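Per chain, numbering begins at 1; letters A, B, ... match sequence-line order. Computed from a predicted structure; not experimentally measured.
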Number of protein chains: 2
Amino acid sequence: MVQILNRGSTRTSPRAQRKTEARRAEILRAAARVFRRKGVAAAGMREIAEEADLSPGILYYYFSGKDEILQYCQDRTLEHMLAAAEAARATPASTPERLRAVLRAHVQAMLGELEGATAHLEVEALPEGMREAMIAKRDRYEHEVRALVAEGMKRGELAKADAALVTRAMLGAVNWSARWFRPDGKLRSAEVAQSLADYLVRGLTK
Amino acid sequence: MVQILNRGSTRTSPRAQRKTEARRAEILRAAARVFRRKGVAAAGMREIAEEADLSPGILYYYFSGKDEILQYCQDRTLEHMLAAAEAARATPASTPERLRAVLRAHVQAMLGELEGATAHLEVEALPEGMREAMIAKRDRYEHEVRALVAEGMKRGELAKADAALVTRAMLGAVNWSARWFRPDGKLRSAEVAQSLADYLVRGLTK
DNA sequence: CTAGAATTTGAACGATGGTTCAAATTCTGA
DNA sequence: TCAGAATTTGAACCATCGTTCAAATTCTAG
């Protein structure tokens, strides 16, 4: 997890710390919404500031710049998804069921009404130096999912296939939902999550 | 198909026309490579010019600007994919086999060594006014694929499911391959195409 | 060969967007 | 209450990028 430094609060009072922390979180949420709405490249600092009801300059009091904001946004979502993947591993359910759970959580992390975020799909938007660690984390997640797929195949619960490629196909299908999903559409995000997971795992059941 | 106007050649000699046409095609190929390598937003006109071994200004002699270049790039790939989809419809093979053929062609259109292009995945990068027609064309393609999926279900060749959602899942999985595929990787683009198509259609076979 | 048209160049322009910063305002502890 | 620290503002700075254009060069018809 990217360490949250003390930027923007040299004050030590717990009261002030909490307020600073809250401001920072507010900014991140606002940024995540703009990133999701317009894409990272098209999201301007002025727009992020407006979304958070703040002046543009203040963003630089709480963060070093757009890159850092993006980094936190991506990190948060990836951590969330990693947690879901690790939770699934600890579960006694069958491999197909655990795989479905991970995929559902993945979709919800992106499309969820309140905290859905998609910035982590644009790791290349990070500058060199920040990118590597994020890619590593994303890869860790991918490996987690792939391990689940491979385990299912080994146990005979899933049909044999190229686990790496199938994993990428699954993740691609769910990631792409961020492009077409509309909150005001016919399907709720939970339904999308359920149907996608069912279809994708079905492609491997015997 | 977007009409190729006579921009950049008021000359009427067939000889000159052909040369102009060739220059234009060269520019489009160079642009497609840069778009694919860096993404549309990060691809600069100067970089496109350099990729084509030309000066930046000349691009504006052959095209009205970046938007038009992008438009042609997207249009070409979409037309290519549409042609493949329509060809599949005219084929006597089973629905699952036709679906696999379309998906394979789709992957090849993006990852093919020579002409693979991914700019059409970024329709939102087009300005209002150009975007609508491209979205319509993309949707036409999606409908074509969906029709195939629906037909297979109706005929009993494929398991019943939400055809629209499954189609999007399939297209997402193949589109995403543009993000992770590396020409110097373990798998050739044709192998990726084959395996993806197999897995995705398998998710619907009974 | 030569005049006029077509093509090409590259410097400069203007808009955009990330960022900085001096000054103003608000907050906190004593 | 008040001084000093923390926070906030918004105008200005600067780099980047799409684009323009006057001038230079190349091509072609007669």
Side-chain angles (χ1 to χ4, degrees), chain A residues 5-27 30-31 34-35 38-73 119 122 125-127 129-130, chain B residues 5-27 30-31 34-35 38-73 119 125-130:
Chain A
L5 300 174
N6 227 17
R7 176 186 298 283
S9 85
T10 44
R11 223 191 284 236
T12 42
S13 132
R15 173 100 176 66
Q17 287 242 359
R18 252 182 294 119
K19 200 185 157 200
T20 294
E21 219 34 68
R23 251 288 194 269
R24 205 199 298 276
E26 253 180 82
I27 293 174
V34 180
F35 287 149
K38 314 253 290 204
V40 171
M45 292 297 273
R46 290 166 180 84
E47 188 174 358
I48 292 172
E50 192 179 12
E51 176 85 20
D53 264 311
L54 296 171
S55 71
I58 197 66
L59 300 181
Y60 293 85
Y61 184 74
Y62 289 99
F63 296 95
S64 70
K66 185 181 179 181
D67 294 335
E68 198 187 30
I69 291 179
L70 176 58
Q71 185 187 36
Y72 281 120
C73 284
E122 299 182 56
L126 281 178
M130 288 184 171
Chain B
L5 301 172
N6 226 17
R7 176 186 298 281
S9 87
T10 44
R11 223 191 284 234
T12 43
S13 134
R15 171 103 175 66
Q17 286 242 358
R18 250 181 295 119
K19 200 186 157 199
T20 294
E21 219 34 68
R23 250 293 192 264
R24 205 198 300 275
E26 252 180 83
I27 293 174
V34 181
F35 287 149
K38 314 252 290 201
V40 171
M45 292 298 272
R46 289 166 181 84
E47 188 174 359
I48 292 172
E50 193 180 12
E51 176 85 21
D53 264 312
L54 297 170
S55 70
I58 197 65
L59 300 180
Y60 292 85
Y61 184 74
Y62 289 100
F63 296 95
S64 71
K66 185 180 179 180
D67 294 336
E68 199 187 30
I69 291 179
L70 177 59
Q71 185 186 36
Y72 281 121
C73 284
L126 281 178
E128 244 173 308
M130 288 183 171

query = If each of Ala42(B) and Ile58(B) is mapped to the nucleotide of DNA chain D with the nearest heavy atom, which maps nearer the 5' terminus, i.e. the 5' end?
reply = Ala42(B)

request  = Send over the distance from Lys38(A) NZ to dG18(C) C1', rounded to a whole Å.
outcome  = 16 Å

Rounded distance in Å - NZ (Lys19(B)) to P (dA6(C)) = 13 Å

key: Selected nucleotide, minimal atom distance to Ser55(A) side chain, candidates dG18(C), dT9(D), dT7(C)   = dT9(D)

request  = Measure the distance from CZ on Phe63(A) to C1' on dG18(C) and round it to the nearest whole Å.
outcome  = 16 Å

request  = Have a look at Lys38(A) and tell me which of Glu51(A), Glu122(A), Glu47(A) forms a salt bridge (Lys or Arg N to Asp or Glu O under 4.0 Å) with it.
outcome  = Glu47(A)

query = Separation of Leu59(A) atom CG from dG17(C) atom P, in whole Å?
reply = 15 Å

message = Heavy atoms only, 4.0 Å cut-off, all strands: where does Ala43(B) land among base, sugar-phosphate and nothing?
response = sugar-phosphate

ask   = Quick one: which of dT7(C), dT7(D), dT19(C) gets closest to the side chain of Thr20(A)?
value = dT7(D)

request  = Mind calculating the distance between NZ (Lys66(B)) and P (dA15(C)) to the nearest angstrom?
outcome  = 19 Å

query = What's the closest nucleotide to the Met45(B) side chain, out of dT9(D), dT19(C), dG18(D)?
reply = dG18(D)

request  = Whole angstrom is fine here: how far is it from OH in Tyr62(A) over to P in dA6(D)?
outcome  = 12 Å

query = For Arg46(B), which contact category applies under a 4.0 Å heavy-atom criterion: base, sugar-phosphate, or nothing?
reply = base

Evaluation steps, side-chain contact (heavy atoms from CB on, under 4.5 Å), between Val34(A) and Glu50(A) = CA-CA 10 Å; Val34(A) 180; Glu50(A) 192 179 12; over 6 Å; no

query = Within this structure, what is the CD1-to-C1' distance between Ile27(B) and dT7(C), rounded to whole angstrom?
reply = 12 Å

request  = Specify the separation, in whole Å, of atom CG of Leu54(B) and atom P of dT7(C).
outcome  = 13 Å

task = Under the side-chain contact (heavy atoms from CB on, under 4.5 Å) rule, what do Glu26(A) and Asp53(A) come out as? Steps first, then yes or no, please.
result = CA-CA 10 Å; Glu26(A) 253 180 82; Asp53(A) 264 311; over 6 Å; no

task = Indicate whether OP1 or OP2 belonging to dT7(C) is found under 4.0 Å from a side-chain N or O atom of Tyr61(B).
result = yes

Residue-phosphate contact under 4.0 Å: Tyr60(A) side-chain N/O, dT9(D) OP1/OP2 = no

ask   = OP1 or OP2 of dT7(C) sitting under 4.0 Å from any side-chain N/O of Arg23(B)?
value = no

SB check Glu21(B) Arg18(B) (cutoff 4.0 Å) = no

message = Considering every strand and a 4.0 Å limit on heavy-atom distances, what is the contact class for Gly44(B): base, sugar-phosphate, or nothing?
response = sugar-phosphate

message = What contact category does Gly65(B) fall into here, base, sugar-phosphate, or nothing, at under 4.0 angstrom with non-hydrogen atoms?
response = sugar-phosphate

key: Closest contact, heavy atoms only, Arg24(A) versus Tyr62(A)   = NH1-O, 3.0 Å

